[in-house]
Amino acid sequence: MEVRTRFAPSPTGYMHIGNLRTALYAYLHARRNEGTFILRIEDTDQARLVEDSVKVIYESLAVTGLEHDEGPDKGGDFGPYVQSARLPLYREYAQKLLAGGHAYRCFCDKTEKQEEPGEEHDAPILGYDGRCGRLSEAEVQANLAKGMPFVIRQRIDKEGSTSFKDFIYGDIVVENKQLDDQILLKRDGFPTYNFANVVDDHLMGISHVMRGCEYISSTPKYILLYRAFGWDIPEHIHLPHILGPSGKKLSKREGSVALGDFLNRGYLPEAILNYIALLGWNPGTEQEFFTKADLIAKFDIARIGKAPAMFDETKLTWLNAQHIKALPPEKAHELFLKFYPAAITAGFDAKKLSGYIQGKVEKLSDLPQMTAFLAALDDNYSAELFVHAKNKTTRESCKAALADLQELLSGLGSWDYAAILAAVKGYAEAKGAKLGPVMWPLRIAISGQAVTPTGAVEIAELLGKPETLRRISGAIAKL
RNA sequence: GCCCUCUUCGUCUAGCGGUUAGGACGCUGCCCUUUCAAGGCAGAGAUCACGGGUUCGAAUCCCGUAGAGGGCGCCA
């Protein structure tokens with residue numbers, strides 16, 4: 001059977017990282033099995049429509065390379081791919097349910113949950129009592145004649161139980177009395193997720209329904225719907241949640257959750273994909289670094305886990321550094337260019353700089369701060385930095401070394417890495433010293449900091465002779 | 001409140017009846033005669049949530065308990 005998976009986000013205005021993982025898994029499963037990956041927009045909540053948010057979805061999929069084969073912008077044989085454009089379809093299928101006695105019109109007042117200010121109102125919310133389901137045909141007709149607004153609810157026989165086999169979680173059994181007569185078609189004529197999802201997944205030929213495990217509890221209701229229609233039930237694959245640092249579902253309150261945030265903060269799309277792929281899935285080998293192509297080759301839904309996973313930005317950062325390191329130098333430079341401040345690109349050999357620091361960049365957004373000292377030395381650095389136990393340096397030893405270095409370097413004919421290194425090395429050897437005691441003061445003098453993104457010689461080279469000498473003089477004065 | 005699910009180092013995880021419980025991030029130390037970092041190596045870190053079974057033998061199978069997460073919307 002052909003594998004057809006779908007990613008069905010609602011247009012909320014941003015791409016949640018948890019949703020992105022769902023999209024990734026659905027994409028990978030489709031690609032792995034030479035199937036089809038479909039994008040469907042679930043915009044059935046008219047009250048929550050966010051302007052332009054469909055664009056965010058397209059951009060997110062494009063930047064991460066999760067290309068869909070069918071969708072609103074790509075077309076396909078199962079469209080339309082936007083739920084608001086499928087209203088007649090839902091109406092038609094709701095009618096079928098009505099005709100078969102699997103649904104009924106409900107004329108009750110709205111019972112929607114209020115957005116409560118003081119959250120902890122966890123008063124038990126009882127499901128609908130089903131009273132309209134017991135209305136006689138005459139009563140229904142009378143209400144209709146009066147023009148009373150109504151919704152269509154699923155009629156669920158409260159006897160017995162309903163079960164399904166989840167691919168990850170195994171057999172799930174729920175007693176029918178736990179199942180609410182959920183609303184299928186809202187008063188405004190739009191379907192609820194609960195209805196549209198089932199109808200669309202069937203009509204679009206979805207073979208594997210992949211979604212977050214918050215839907216496990218309501219899946220039996222969907223199963224009942226499939227049965228009422230006499231449809232085959234697709235494979236259900238519920239995914240464990242991604243948790244925030246507090247152990248709750250990842251949410252905006254606890255920092256970044258949107259793909260865009262991570263992109264802005266200098267994470268590479270491939271690193272993000274790599275990291276979230278590993279949240280809930282593993283290859284069964286010890287490989288952790290994956291390109292998208294690797295993931296397609298190795299992804300297997302059989303190795304998705306059950307336990308929720310906490311999102312750990314530290315590990316994402318490490319993975320990001322790995323991906324940056326693996327970039328071809330030209331590509332890395334191209335990306336760095338977008339983050340370098342103007343002072344760097346204007347005043348330095350940025351390409352050379354990129355080459356020197358590529359192995360040390362964790363996030364692209366670190367670049368401005370990492371390179372700031374090149375453009376402008378902060379003269380207020382502490383002279384105490386020169387004192388370093390391991391290199392056996394003191395203020396006095398540094399001052400002496402810098403004085404010698406200044407003379408030596410000012411006499412240097414050519415100013416490049418090899419020449420500078422040779423000069424410094426020669427000096428250290430002549431003094432019978434190791435390189436450390438000489439390099440250390442040089443580094444401090446020309447960078448004003450103990451930690452630099454590249455070595456002292458590279459820095460001197462980038463700075464140029466006049467500036468290097470100027471900074472050395474400044475350091476001598478300070479000492 | 002009712003229902004569903006989950007539970008191996010701080011974190012992500014391997015494990016599917018017999019392992020010194022493996023790897024990764026992070027942490028610590030050492031090495032690399034350019035600091036820090038990167039890289040290499042080493043180390044600390046898990047009574048496998050707890051309690052009962054089954055079994056010659058259980059992290060692995062069964063039953064309870066606890067904790068955590070999720071669901072119970074005219075939201076998805």
Side-chain angles (χ1 to χ4, degrees), chain A residues 8-10 12 42-45 47-48 106 108-115 122-128 149-153 166 169-170 172-175 177-180 182-188 190-194 196-197 211-220 238 240-241 243 245 247-249 275 278-289 303 305-312 314-319 321 325 357-360 362 385 388 390-391 393 421 424-425 428 433-444 449-458:
Chain A
S10 49
T12 54
E42 310 222 324
D43 60 344
T44 56
D45 188 349
R48 294 196 190 187
C106 171
C108 294
D109 281 342
K110 283 196 179 189
T111 53
E112 54 190 316
K113 195 191 209 173
Q114 325 274 351
E115 294 295 332
D122 56 355
I125 296 140
L126 271 45
Y128 181 64
F150 62 88
V151 300
I152 293 179
R153 285 184 185 272
D166 184 87
Y169 292 94
I172 306 285
V173 186
V174 177
E175 291 180 56
K177 67 179 177 200
Q178 297 293 338
L179 305 177
D180 192 36
Q182 63 182 350
I183 291 172
L184 269 18
L185 224 47
K186 302 183 254 188
R187 223 184 257 225
D188 62 4
F190 278 74
T192 57
Y193 167 87
N194 305 315
N197 211 258
R211 49 154 87 116
C213 64
E214 67 270 25
Y215 291 105
I216 281 189
S217 298
S218 33
T219 300
H238 286 98
H241 280 142
L243 273 22
K248 298 230 160 103
K249 222 161 107 178
Y275 180 66
L278 260 15
L279 248 28
W281 173 83
N282 76 81
T285 64
E286 283 176 355
Q287 182 179 359
E288 294 211 284
F289 180 92
R303 296 199 63 89
K306 297 177 175 181
M310 262 189 218
F311 190 92
D312 176 22
T314 315
K315 187 150 185 180
L316 201 212
T317 302
W318 172 77
L319 222 30
K325 224 170 286 182
I357 67 177
Q358 184 178 353
K360 214 169 165 177
E362 293 189 317
L385 285 180
H388 192 265
K390 217 170 134 189
N391 283 321
T393 56
L421 180 61
V424 177
K425 255 186 169 163
K434 286 187 160 193
L435 225 29
V438 184
M439 282 299 178
W440 181 252
L442 180 60
R443 171 191 307 275
I444 304 296
Q449 50 197 50
V451 180
T452 56
T454 183
V457 176
E458 290 93 325

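Convention: sequence-line order gives letters A, B, ...; per-chain numbering from 1.
At a threshold of 4.0 angstrom between heavy atoms, the contacts of T12(A) with the nucleic acid are absent. Looking at heavy-atom distances under 4.0 Å, S218(A) makes no contact with the nucleic acid at all. Among the heavy atoms of the strands, none lies under 4.0 Å from F311(A). In this structure, G455(A) reaches the bases: a heavy-atom distance under 4.0 Å links it to at least one base atom across the strands shown. Counting non-hydrogen atoms under 4.0 angstrom, G280(A) reaches the backbone sugars and phosphates but no base. Contact annotation for A307(A): backbone-only contact, meaning every heavy-atom pair under 4.0 Å involves sugar-phosphate atoms and none involves a base. As judged by a 4.0 angstrom heavy-atom cut-off over every strand, L319(A) is placed among residues making no nucleic acid contact. Residue T393(A) is out of contact with every strand shown, counting any heavy-atom pair closer than 4.0 Å. Within the nucleic acid shown, A456(A) comes within 4.0 Å of at least one base atom, counting heavy atoms only. Across all strands, D188(A) comes closer than 4.0 Å to no nucleic acid atom at all (heavy-atom distances). No engagement by V438(A) is indicated, since no non-hydrogen atom pair under 4.0 Å with the nucleic acid exists.
Distance CG (L184(A)) to C1' (A76(B)): 15 Å, rounded to an integer number of Å. Residue E286(A) contributes atom CD, which lies 11 Å from atom P of G15(B) at whole-angstrom precision. Y215(A) has its OH atom 13 Å from the P atom of C75(B), to the nearest Å. With rounding to whole Å, M310(A) atom CE is found 13 Å from C6(B) atom C1'. Atom NE2 of H241(A) is separated from atom P of C4(B) by 17 Å (rounded to the nearest Å). With rounding to whole Å, E214(A) atom CD is found 17 Å from C75(B) atom P. In this entry the distance linking NE2 of H238(A) with C1' of U5(B) reads 11 Å, nearest Å. Between I357(A) atom CD1 and C36(B) atom C1' there is a gap of 15 Å when expressed in whole angstrom units.
For K249(A), the listed nucleotide lying nearest its side chain is G70(B); candidates were G70(B), C25(B), A76(B). Comparing A76(B), C12(B), U34(B) by their closest approach to the side chain of L435(A) singles out U34(B). In the set C74(B), G26(B), U34(B), G26(B) carries the atom at the smallest distance from any side-chain atom of T314(A). Picking from G23(B), A76(B), C3(B) the nucleotide with the shortest atom distance to the side chain of V174(A) gives C3(B). With A76(B), G69(B), C25(B) as the choices, the nucleotide that has an atom nearest any side-chain atom of W318(A) turns out to be C25(B). Comparing C6(B), C75(B), A76(B) by their closest approach to the side chain of N194(A) singles out A76(B). Side chain of K248(A), nearest nucleotide from G69(B), C3(B), G73(B): G69(B). Distances were taken from every side-chain heavy atom of I172(A) (C-beta onward) to each of C4(B), G71(B), U34(B); the shortest belongs to C4(B). Checking C4(B), C36(B), C74(B) against the side-chain heavy atoms of K360(A) singles out C36(B) as nearest. Here the nucleotide nearest the side chain of V451(A), chosen from C74(B), C12(B), C36(B), is C36(B).
Judged by distance alone, with hydrogens and angles left aside, S217(A) brings a side-chain donor or acceptor within reach of the base of G70(B), the pair sitting under 3.5 Å.
With both ends at atom C1', the span from A59(B) to C50(B) equals 14 Å, rounded to whole Å. The gap from the C1' atom of C61(B) to that of U54(B) amounts to 8 Å, rounded to the nearest Å. The separation of G70(B) from C62(B), taken at their C1' atoms, amounts to 26 Å, rounded to a whole angstrom. The same atom, P, is picked in A46(B) and in U11(B); the two are 12 Å apart, to the nearest Å. Comparing C56(B) with U13(B), their C1' atoms sit 32 Å apart, to the nearest whole Å. Distance noted for atom P between G10(B) and C16(B): 23 Å (whole Å). As rounded to the nearest Å, A14(B) and A24(B) have C1' atoms that lie 11 Å from one another. Across G18(B) and C25(B), the matching P atoms stand 28 Å from one another, rounded to whole Å.
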Inset, instruction - Let me see the working for I216(A) and I172(A) under side chain to side chain contact (heavy atoms under 4.5 Å, CB included), right down to the final yes or no. - result: CA-CA 8 Å; I216(A) 281 189; I172(A) 306 285; 4.2 Å; yes
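Panel note: side chain W440(A), backbone A450(A); no donor-acceptor pair is recorded below 3.5 Å. Formation of a donor-acceptor pair under 3.5 Å by the T44(A) side chain with backbone atoms of F190(A) is not found in this model. No donor-acceptor pair closer than 3.5 Å links the side chain of Y275(A) to the backbone N or O of W318(A). Judged by distance alone, the side chain of Y169(A) and the main-chain N or O of K306(A) form a donor-acceptor pair under 3.5 Å.
Nucleotides of RNA chain B nearest to P9(A) and L316(A) differ in position, and the one nearer the 5' end is that of L316(A). Where G305(A) and T452(A) meet RNA chain B, the nucleotide closest to each residue was compared, and G305(A) sits on the side nearer the 5' end.
The pairing partner recorded for G64(B) is C50(B), the criterion being a Watson-Crick or G-U wobble arrangement whose two distances lie under 3.5 angstrom. Pairing partner, C27(B): G43(B), with both Watson-Crick or wobble hydrogen-bond distances short of 3.5 Å. Pairing for C9(B) is absent, with no Watson-Crick or G-U wobble pair whose two atom distances lie under 3.5 Å. Across every strand in view, U34(B) sits unpaired, with no contact that passes the Watson-Crick or G-U test at under 3.5 angstrom. Pairing partner, G69(B): C4(B), with both Watson-Crick or wobble hydrogen-bond distances short of 3.5 Å.
Dashed line: the shortest gap from a side-chain N or O of N282(A) to OP1 or OP2 of A14(B) is under 4.0 Å. Of the side-chain N and O atoms in K315(A), none sit less than 4.0 angstrom from OP1 or OP2 of U13(B). Contact annotation: K325(A) side-chain N/O to A37(B) OP1/OP2 distance is not under 4.0 Å. A close approach under 4.0 Å does occur between a side-chain nitrogen or oxygen of R303(A) and OP1 or OP2 of G15(B). Checking the phosphate oxygens (OP1, OP2) of A76(B), a side-chain nitrogen or oxygen of T44(A) falls inside 4.0 Å.
Note that OH of Y128(A) is 5.5 Å distant from CZ of R153(A), once rounded to the nearest 0.5 Å.
Across all their heavy atoms, V438(A) and A428(A) have their closest contact at CG2-CB, 3.9 Å.
For Y193(A), the ring pair (Phe, Tyr, Trp, His ring centres under 6.0 Å) partners are Y215(A), not counting sequence neighbours.
More than 12 heavy atoms of other residues, nucleotides or ligands lie within 6.0 Å of NZ in K360(A), so this atom counts as buried by the packing criterion.
Side-chain contact between C213(A) and H241(A) is present, with at least one heavy-atom pair separated by less than 4.5 Å.
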